[in-house]
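Contents: one structure, followed by commentary.
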Protein chains: 2
Amino acid sequence: MRKIRRHSEVPEATIHRLPRYLEKLKLLQAVGVEDVSSRQLAESLDIKASQLRHDFHYFGGFSRPGRPYQVGKLVPALEKIIGVSEPQPVAIIGAGHLGQALANYGNLDVQGFPVRGVFDANPRLVGLEISGQPVRDMDQLEDVIAREGIRIAILTVPAQHAQAVTERLVTCGIVGIVNFAPTDLKVPKTVAVRNERLVVGLMALSFKVKCILEGDCGAE
Amino acid sequence: MRKIRRHSEVPEATIHRLPRYLEKLKLLQAVGVEDVSSRQLAESLDIKASQLRHDFHYFGGFSRPGRPYQVGKLVPALEKIIGVSEPQPVAIIGAGHLGQALANYGNLDVQGFPVRGVFDANPRLVGLEISGQPVRDMDQLEDVIAREGIRIAILTVPAQHAQAVTERLVTCGIVGIVNFAPTDLKVPKTVAVRNERLVVGLMALSFKVKCILEGDCGAE
DNA sequence: GACGACCTGTCAACCGGTTGACACGTGATT
DNA sequence: AATCACGTGTCAACCGGTTGACAGGTCGTC
């Protein structure tokens, strides 16, 4: 039942697994499964059971010893840990193709990240309606973020504007940024950034593809 | 000058840094920089110089000892290693909002991944033109992939169809898949998959945001 | 031509994350 | 009540990746 104080001690790798645990557990819950053992859950996620238990151990007290985990308790516990026990509103900055695609992506709402503001500097896009939401002019950025209590922003502006926009976001209280621009953002330590760089991913994949084709991967 | 045979020995972490090296080097090249030391390059990428040299060491022979790296030689060398010294055509499966956004994303072409086929099962989308390319019906999938020699596919179909489509892709010779569907794909070992799970990223970010807001991150 | 500034290649120590092992708790069965 | 199958919490060994240190090469300068 002991809770760890400083979440900063949780390894990065574990943090990235938490969402996957939650995802799978919600799926199980939807099917009506009540109990799940570390082995079952781990196997379905293709990781080792010991690792899963180790991960949970950082937070402690998910189950009574000797008994499997209870899906019904684990889901809200994980949601609380991750910070999505209440909806976490997000803003999308940049209503180009990608921004629009994300605004339309219903899964965000469902998973606890309702889009509460879409912004663009281009007057042609401003006023456009996407999934029932207007694209707003950038000069409303600060107002809307404050009013809606938004903490997380998704950045889909061109690379050359990314840093400037980021600074505005930081000033008006944004704490987390998902960056789709192919640039590294400079932010204070009190702001978390996650880079989603498609091209980097593609290239890493390309490297592996080359390995596979040349036959110097795996047992040769 | 010694070349390592089995690229599979290159650590995952290094593979993911290679594209970033290339990206930055291209930028330098565009500005006319000819030489760059490991320290300069590493600092601009916010990593340690020793790590960069260590990474390059896997491939060897990028520079004459005692002299800094030559941008003009490094760029093609890295392109060759990553597998983008020649354009690597890709297909996009699923022409929904995300698929369209990616098809429109000019950066892919520029970086060596020209989109050579966009497919969708929805008759309403088939025939639509995106960036000068028609959305094709799924029944043309095999033909086009074979004709264009496509090795990498980007999967942007709904989760429930992802596995079925994947199997078709594998059968017709696709070796790398970028998966945007929130599902784990089952593929043979000879196929590389990279999952781009937006919601997982958002949740990891949300966790950190919560840490920051609660003040239990960093030096407290 | 000797010196010093600067560079890379290389290796060994270090560190964080992963994994296997096991102690201990629970409930069903005999 | 004893036993067995199955479960979690916990820890120590292990392993891969990161980091610092240094040997050895190159160039410009005095």
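First the proteins, then the strands, lettered A, B, ... as listed; each starts at 1.
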Write out a two-atom table: protein N or O, nucleotide N or O from nucleotides 22-28 of chain C, distance below 3.5 Å.
from   : atom 1 : to      : atom 2 : distance (Å)
C:dG25 : N2     : A:Gly66 : O      : 3.4

Might you list the N or O atoms of the protein lying below 3.5 Å from N or O atoms in nucleotides 18-20 of chain C, with each pair's distance?
from   : atom 1 : to      : atom 2 : distance (Å)
C:dT18 : OP1    : A:Arg17 : NH1    : 3.1
C:dT18 : OP2    : A:Arg17 : NH2    : 2.8
C:dT18 : OP2    : A:Gln51 : NE2    : 3.3
C:dT18 : O5'    : A:Gln51 : NE2    : 2.9
C:dG20 : N7     : A:Ser50 : OG     : 3.4

Dump the pairs, protein N or O against N or O of nucleotides 28-30 of chain D, anything under 3.5 Å, distances to one decimal.
none

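Surrounding CD of A:Glu34 are at most 12 heavy atoms belonging to other residues, nucleotides or ligands under 6.0 Å away.
Neither OP1 nor OP2 of D:dG9 sits under 4.0 Å from any side-chain N or O of A:His57.
At whole-Å resolution of the value, CZ in B:Phe59 and C1' in C:dT10 are 16 Å apart. Remark: P of D:dC27 and CD of B:Gln70 are 11 Å apart, rounded to the nearest angstrom. Rounded to an integer number of Å, the gap from A:Tyr69 OH to D:dG7 P is 11 Å. Here D:dG17 presents its C1' atom at 15 Å from CD of B:Glu9, a figure rounded to the nearest Å.
Between A:Lys186 and A:Glu167 there is no salt bridge, since no side-chain nitrogen of the basic residue lies less than 4.0 Å from a carboxylate oxygen of the acidic one. A salt bridge is defined here as a Lys NZ or Arg NE, NH1 or NH2 lying under 4.0 Å from an Asp or Glu carboxylate O, and A:Lys26 with A:Glu79 meets this definition. Salt-bridge annotation for A:Asp184 and A:Arg197: present, with a side-chain N of the basic residue lying under 4.0 Å from a carboxylate O of the acidic one. One finds no salt bridge joining B:Glu43 and B:Arg39 here, because no Lys/Arg side-chain nitrogen approaches an Asp/Glu carboxylate oxygen to under 4.0 Å.
Rounding to the nearest 0.5 Å places CZ of B:Phe113 at 8.0 Å from CG of A:Leu205.
Of the options B:Val71, B:Leu74, B:Val36, a side chain to side chain contact (heavy atoms under 4.5 Å, CB included) to B:Gln29 is made by B:Val71 and by none of the others.
Remark: the backbone N or O of B:Ile82 is paired with a side-chain donor or acceptor of A:Ser206 at under 3.5 angstrom. A donor-acceptor pair under 3.5 Å is formed between the side chain of B:Thr156 and the backbone N or O of B:Ile93.
Side-chain contact between B:Phe207 and A:Ile81 is present, with heavy atoms from C-beta onward closer than 4.5 Å.
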### Query
For A:Leu198 and A:Phe180, what are the C-alpha separation, side-chain angles and deciding distance, and is it a side-chain contact (heavy atoms from CB on, under 4.5 Å)?
CA-CA 8 Å; A:Leu198 178 61; A:Phe180 280 90; over 6 Å; no

